[in-house]
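What follows is a short report on a single structure.
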There are 2 protein chains.
Amino acid sequence: MILLDYRDKRPIYEQVVDKLEHLIVGGALEPETKMPSVRSLAMELAVNPNTIQRAYAQLEQEGYLYTVTGRGNFVAPESEWREGKKREVLTAWKKATLQALDAGVTAEELSELLRQMIKESNEEKSGV
Amino acid sequence: MILLDYRDKRPIYEQVVDKLEHLIVGGALEPETKMPSVRSLAMELAVNPNTIQRAYAQLEQEGYLYTVTGRGNFVAPESEWREGKKREVLTAWKKATLQALDAGVTAEELSELLRQMIKESNEEKSGV
DNA sequence: CAAGTGTATTAAGAGACATAATACACTTAT
DNA sequence: ATAAGTGTATTATGTCTCTTAATACACTTG
């Protein structure tokens with residue numbers, strides 16, 4: 001379900017959060033899907049159960065999962081996280097754009113890059 | 001010259017690096033400007049000299065400063081860092097853009113936001 | 001009732017960050 | 001030449017975060 005990157009210097013629980021969040025936002029894990037138990041995912045990643053517990057707790061805090069004691073963790077309905085996620089990435093995008101403009105990148109360069117990325121994104125969808 | 005943010009959880013030396021880099025890229029500190037000495041800046045920020053030493057070492061590593069033992073640290077010529085900085089921010093911008101698209105933000109929304117930010121940026125320059 | 005869930009607690013170790021106290025080589029001004 | 005101001009290096013100490021480890025407990029399912 002997940003592959004850890006040992007060269008990554010971020011905490012393990014943070015990597016787990018990011019990867020699971022990506023799977024959820026990307027639709028690979030649909031709402032109401034049952035997540036692996038804390039103990040089984042810890043076993044699979046050769047990691048301490050506490051670390052997974054921490055990752056799940058954060059994902060619940062951010063609205064991606066909900067927990068039922070005794071039953072397990074489940075992917076939350078999209079309405080629980082879609083808007084929050086959108087705000088989060090837009091804030092980050094604005095910051096990155098400001099930094100680019102500050103560094104001397106022109107508006108035209110950014111527009112052109114954006115067009116190019118959209119084009120590539122569409123080509124992938126239609127299968128190139 | 002700098003104001004530390006104690007709510008910021010990042011290391012102090014990293015904050016110092018970021019702020020000085022911003023002053024240099026923004027033109028507030030021109031090339032060949034003499035930087036404050038390790039000891040004096042440490043005194044001013046009420047911080048250990050080792051911490052400033054670390055910040056200066058990283059800025060030198062990234063091409064923003066050059067060091068002359070016994071004389072001090074100086075802002076490097078723009079040619080030493082301008083291209084590297086541009087590559088850095090463009091990489092970050094592309095990543096942020098991909099994440100936005102992944103999260104369901106449309107290309108049109110990003111284009112519109114970009115236009116809006118350019119407009120505001122121009123208004124500031126002309127003094128609104 | 002047993003096995004599988006989430007949750008909580010305490011202890012220990014590793015590593016990064018920061019402070020503290022020195023020491024040394026070099027440059028500048030006197 | 002000397003003193004003061006530079007950068008640089010080293011060692012020790014303390015704090016904090018991350019992680020592992022070992023338990024313990026409440027709840028749910030079969």
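Atoms considered below: every heavy atom in the structure, side chains included; atoms not considered: hydrogens, waters and symmetry mates.
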Asp8(B) CG - dC17(C) P separation (whole Å)
13 Å

Should the ring pair Tyr66(B) and Phe74(B) be called parallel, tilted or perpendicular, given that the plane angle runs from 0 to 90° and is split at 30 and 60?
parallel

Would you indicate which nucleotide in dA20(C), dT29(D), dT19(D) comes nearest to any side-chain atom of Pro11(A)?
dT19(D)

May I have the distance from Gln15(A) (atom CD) to dT19(D) (atom C1'), rounded to whole angstrom?
13 Å

Of all the choices, dA21(D), dG6(C), dT19(C), which nucleotide is nearest to the side chain of Thr51(B) once you look at every atom?
dT19(C)

How many whole angstroms separate atom CD1 of Ile52(A) from atom C1' of dA8(C)?
17 Å

Asn73(A) side-chain N/O to dT5(C) phosphate OP1/OP2 under 4.0 Å
no

Side-chain atoms of Gln53(B) come closest, of dT8(D), dC27(D), dC18(D), to dT8(D)

Please report the distance, rounded to the nearest Å, between CE in Met43(B) and C1' in dG7(D).
16 Å

Taking the basic N atoms (NZ, or NE/NH1/NH2) and the acidic carboxylate oxygens, is any pair closer than 4.0 Å for Arg115(A) and Glu112(A)?
yes

Tyr66(B) atom OH is separated from dT8(D) atom P, nearest whole Å, by 14 Å

Got a donor-acceptor contact below 3.5 angstrom from the Trp81(B) side chain to the Glu62(B) backbone?
no

Check whether more than 12 heavy atoms from other residues, nucleotides or ligands sit under 6.0 Å from atom NZ of Lys94(A), and answer yes or no.
no

Relative to the 5' end of DNA chain D, which residue comes earlier, Ala57(B) or Glu14(A), by the nucleotide with the nearest heavy atom?
Ala57(B)

Would you kindly check whether a donor in the side chain of Arg39(B) faces an acceptor in the base of dG5(D), or vice versa, at under 3.5 angstrom?
no

Of all the choices, dT8(D), dT5(C), dT28(D), which nucleotide is nearest to the side chain of Ser37(A) once you look at every atom?
dT5(C)

Comparing Asn50(B) and Ile12(A) on DNA chain D - which has the more 5′ nearest nucleotide:
Asn50(B)

Establish, with yes or no, whether the OP1 or OP2 oxygen of dC17(C) is under 4.0 angstrom from a side-chain nitrogen or oxygen of Tyr13(B).
yes

Between dT8(D), dA20(C), dT20(D), which nucleotide has the shortest distance from any of its atoms to the side chain of Thr67(B)?
dT8(D)

Nearest-Å distance, CZ (Arg71(B)) to C1' (dG5(D))?
12 Å

Counting neighbours of CD on Glu30(A) that are heavy atoms of other residues, nucleotides or ligands and sit closer than 6.0 Å, is the number greater than 12?
no

Whole-Å distance, Tyr6(B) OH to dT15(D) P, equals 19 Å

Length of the line joining Asn48(B):CG and dT15(D):P, which is rounded to integer Å
16 Å

